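Remarks on the structure that follows.
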Amino acid sequence: MGRVVVEVMPKPEILDPQGKAVVGALPRLGFTQFTSVRQGKRFELEVEGDVTPEILAAAQQAAETLLSNPIIEDVVNVFDATPAATAVNA
Amino acid sequence: MTGVEGARIGVITFPGTLDDRDAQRAVRLAGATPVALWHADADLQGVDAVVIPGGFSYGDYLRAGAISRFAAAMTSVADAAQGGLPVLGICNGFQILTEAHLLPGSMVKNDHLHFICREQVLVVENATTAWTNQYEAGQRITVPLKNQDGQYVADEHTLDELEGEGRVVFRYDGWNPNGSRRNIAGITNERGNVVGLMPHPEHAVEAGFGPDAAAGARQGTDGLGFFTSVLAALVNA
């Protein structure tokens, strides 16, 4: 079983209301070190067998067409995250 | 189509659509025939215009409107819109139109993070579109607003372009309820046949059910003009 991870973040210039809410709540719990929080999304896409370059390319394409909206979000990472225990060539 | 009597206006239902029946009712009250369209069916049944109603298609789980964009009916709507078919997207329908790239920009969560439901005053900025020609530029109308992801965003270049080309159709009057850029509540495409807005004109079409008005509580029918506008546009087409 192979796994591809896609990470999507709101664009820097887009106000991120969820991140703002979180950064407002942190000091109330005593976490005063953090001055900014941005909240994004992580997708885990599983495939039968190995994660090939073709699979990664397809994941990249899915990331840019469906998993993110390029007007408000950036795809910041697409990578092979196959768990070591199940990787055929681990 | 030869006149208002024969006008057939399609209303698409997606999984999670809420306001399809209200949109059909608005079409009927304006004097046209509503045609129920199903998201998985590419056949638009020869309708003269299409309304993409509000709701939470696919639960908004990925992004509002993101999955609906790929529905068979939306592929047909995108093609027909290029040919001039009048298309109105309300709330989630507006979000679907931006995801489908039929309108620029996108919607993100309201700046105050709350779901909001209120009677909203809008300024009609563009009274020449297929869906607003029965209003006057500068007119103020009151229709319900209810959304969670209603903050309209676009880059500065796109916003300048929209303003410069008169494609801002509605602005929020007074308080901005969701932090939308430049108080934008609704926009149109270059041709003026595709209009999207966050507030809900289909909930303000019949006395007794709409917002409060000078005549009394729940008497407001300011939203009916959308549907009479499209009929006028079809007659004059």
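On a predicted model such as this, the values are computed, not experimentally measured, just so you know. Note on naming: letters A, B, ... go to the chains in the order of the sequence lines (proteins, then strands), and numbering restarts at 1 for each one.
Inspection of the A/Glu64 and A/Gln60 side chains reveals an N or O donor paired with an N or O acceptor under 3.5 Å. There is no side-chain donor-acceptor pair under 3.5 Å between B/Asp79 and B/Gln82. There is no side-chain donor-acceptor pair under 3.5 Å between A/Gln39 and A/Asp16.
If you measure heavy-atom distances from A/Leu66 to chain B, the contacts under 4.5 Å come from both the backbone and the side chain. Contacts between B/Leu113 and chain A at a heavy-atom distance below 4.5 Å involve the side chain alone, from C-beta outward. Looking at B/Asp155, there are no atoms closer than 4.5 Å to chain A (heavy atoms on both sides), in backbone or side chain.
The candidate from A/Lys11, A/Glu73, A/Lys20 with the greatest count of non-hydrogen atom pairs under 4.5 Å with chain B is A/Glu73.
Taking 4.0 Å as the cut-off between side-chain N and carboxylate O, B/Asp19 and B/Lys146 count as a salt-bridged pair.
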